[in-house]
Amino acid sequence: MTTGRAVRKIELTPVAGTRFQPTGFPDLGAATFTAPDGKGGWEDALLVESVQSMANHLEQTTWDVAAGTQVAALDGLPYVRIVDANGVVLTSSRLEAHRLASAYVMEGTLDGGKGVEVLPGRLGLVKGEPLDYRRVAAAVFALDPVSLVHGVFFAQQKWPWQPKVARAVACFVEAHDVRPAVSGGVKKDSVINTAEAGATARGYGMVPHHRTEYTAASIVAYLTVDSEQIRSYGLGDAGIELLEALIDFELASLFSGGLRLRTACDLEVSGVTGAALPELEPATQRVQAAIRACSGDLGPVNDVVWTGR
C-alpha cells in the first residue's frame, strides 16, 4: 500500500575502530532498550540519536556557523533573524528549538509590534472562524520554509488557534545487538597529585573516572519523508519542489561528509536500503533553481529586535 512516505534505512559504521559514544542524559545515562531481533527473540538496543536531535543536525546544514548566516547555497531563502537593539545577531529561526515559535520571535519586535501580536494576522488566525491550514502553511513558507520541513508549534493560549505543523522529515539512529565497552582514565594534575578535601570540586588533583561506550552489530539511521504532508500545504508544484529540494540538500549535506554526532561518535555511511541518498552538487543545483522559481512566494529575511536581556 502506498502511504506517501518514503523510507530509507541508512547503515552506519564508526569511522575508526568499533566503539562509539551514545547520546546520554544526566538522569538516565545511555538510552538503552530491548528490541525484537527479527528471529522471534529480543536483543539489547540503544538509541544513538533522537528524532529531535537529528532534526537539529539536518537544520544545521542550512547554517554557516562561522559567518553567522545561512549557507551561501541557500541565498534567497527567507528566515527570521533575531537581533539586539544595536543590530547584533543573537540567534535565528534556524537555530531556535521552536523555530518560528521561539520566545525570541514572540517577545521581539516585528513590523512595529511584538511577534506574538503580529503573527496571528500573518497566519490568518481569526476568532470564530475555522483554521485555514493552507494559509498557515503559506505564511510559514514566506517566513522560513525550513519550519515546514522540521515542524513548528505556535502554542500561544491567547491566540484563537494554536497551529501545529508536524515534522515532514523524521530521522533517528538506533544501534542493535549492543554491548558496553567500559574504560576509564585519570584527570592529571602536574602540581597537586592528591585529591585534597574540596580540591577536586575546584578542579585540582588527580581524579580517576570511568567511561562507557558501546559496540554494536548494526547502527542504522531510519529516515522517513512524508510527501503527502508536503502536498497538503497547498503550495503548488513550485512550493512542493522547493521543500523536496531543500530536504535533499539537507540529506546530502549531512550524510555525504560523514555523521559526526559527538567527539567519540563519528560515523560514515556503509549502505542504504530504499532510495539512494542524494549527491551534494546536484542537490545544491536543484534547491537553488527551486528558490528562484518560488521567489514570488518567499519573503525577505526578517529582523526581529529582541531587547529582553
Is it the case that atom [atom1] in [X] sees more than 12 heavy atoms from other parts of the structure closer than 6.0 Å?
X	atom1	answer
D75	CG	yes
H209	NE2	yes
F154	CZ	yes
R19	CZ	no

If two hydrophobic side chains count as joined below 4.5 Å and joins carry through other members, does [X] share a cluster with [Y]?
X	Y	value
I291	I230	yes
L259	L251	yes
L74	V301	no
F153	V146	no
L267	V269	yes

Sub-3.5 Å donor-acceptor pair from the side chain of [X] to the main-chain atoms of [Y], do we have one?
X	Y	result
S102	H98	no
N86	V88	no
K9	G271	no

Quick one: hydrophobic cluster around [X], which other residues, with the 4.5 Å side-chain cut-off, linked directly or via members?
X	result
V126	none
V51	F172, V220, Y222
V83	V89, V305

Testing the basics here: between [X] and [Y], what is the closest heavy-atom pair and its distance to 0.1 Å?
X	Y	result
Y133	S232	CE2-OG, 3.6 Å
Q70	L77	NE2-O, 2.8 Å
A73	T284	CB-CG2, 3.8 Å
P278	A252	O-CB, 3.4 Å
G76	L298	O-CD1, 3.9 Å
P78	P300	CB-O, 3.4 Å

Let me confirm one number: the [atom1]-[atom2] distance from [X] to [Y], rounded to the nearest 0.5 Å.
X	Y	atom1	atom2	answer
L95	Y104	CG	OH	11.5 Å
F249	Q285	CZ	CD	12.0 Å
R260	L254	CZ	CG	14.0 Å
L28	L47	CG	CG	10.0 Å
Y214	T32	OH	OG1	5.5 Å
R167	Q229	CZ	CD	11.0 Å

Please output the side-chain donor-acceptor pairs of residues 110-124 that fall under 3.5 Å, not counting sequence neighbours, one pair per line with the distance.
{"unit_1": "D111", "atom_1": "OD2", "unit_2": "R122", "atom_2": "NH2", "d": "2.4"}
{"unit_1": "K114", "atom_1": "NZ", "unit_2": "E107", "atom_2": "OE1", "d": "3.0"}

Exercise for the section: Not counting sequence neighbours, which residues clear side chain to side chain donor-acceptor pair (under 3.5 Å) with D177? List them please. Expected result: R179
Practice task
List in chain and number order the residues that pass side chain to side chain donor-acceptor pair (under 3.5 Å) with R292, two or more places apart in sequence or in another chain; answer none if no residue qualifies.
Solution key: none
Could you tell me which residues satisfy side-chain contact (heavy atoms from CB on, under 4.5 Å) with [X], sequence neighbours excluded, listed by chain and number?
X	result
D132	R134, R135
A175	F20, L46, V48, V178, A216, I219
T23	F25, E49, R262
A264	Q21, R211, E213

Problem - T91/I82 under side chain to side chain contact (heavy atoms under 4.5 Å, CB included): CA gap, chis, key distance, verdict - result: CA-CA 5 Å; T91 183; I82 293 93; 3.8 Å; yes
Practice task
Run through D297, L243, L242 and flag the one making a side chain to side chain contact (heavy atoms under 4.5 Å, CB included) with L235.
Solution key: L243
Practice task
Scan residues 137-164 for pairs that pass side chain to side chain donor-acceptor pair (under 3.5 Å), counting only residues two or more places apart or in two chains.
Solution key: S93-D144, R94-D144, H150-E250
Practice task
Decide yes or no for L100 and V105: does some side-chain heavy atom of the first lie under 4.5 Å from some side-chain heavy atom of the second?
Solution key: no
Handout entry: Test side chain to side chain contact (heavy atoms under 4.5 Å, CB included) applied to V65 and Q60, step by step
Key = CA-CA 9 Å; V65 176; Q60 192 67 48; 3.1 Å; yes
Problem - Inter- and intrachain pairs under ring pair (Phe, Tyr, Trp, His ring centres under 6.0 Å), touching residues 47-74, at least two apart - result: W63-Y79
Practice task
Assess whether side chain to side chain contact (heavy atoms under 4.5 Å, CB included) is satisfied between L148 and L246, documenting all intermediate values.
Solution key: CA-CA 11 Å; L148 292 180; L246 183 57; over 6 Å; no
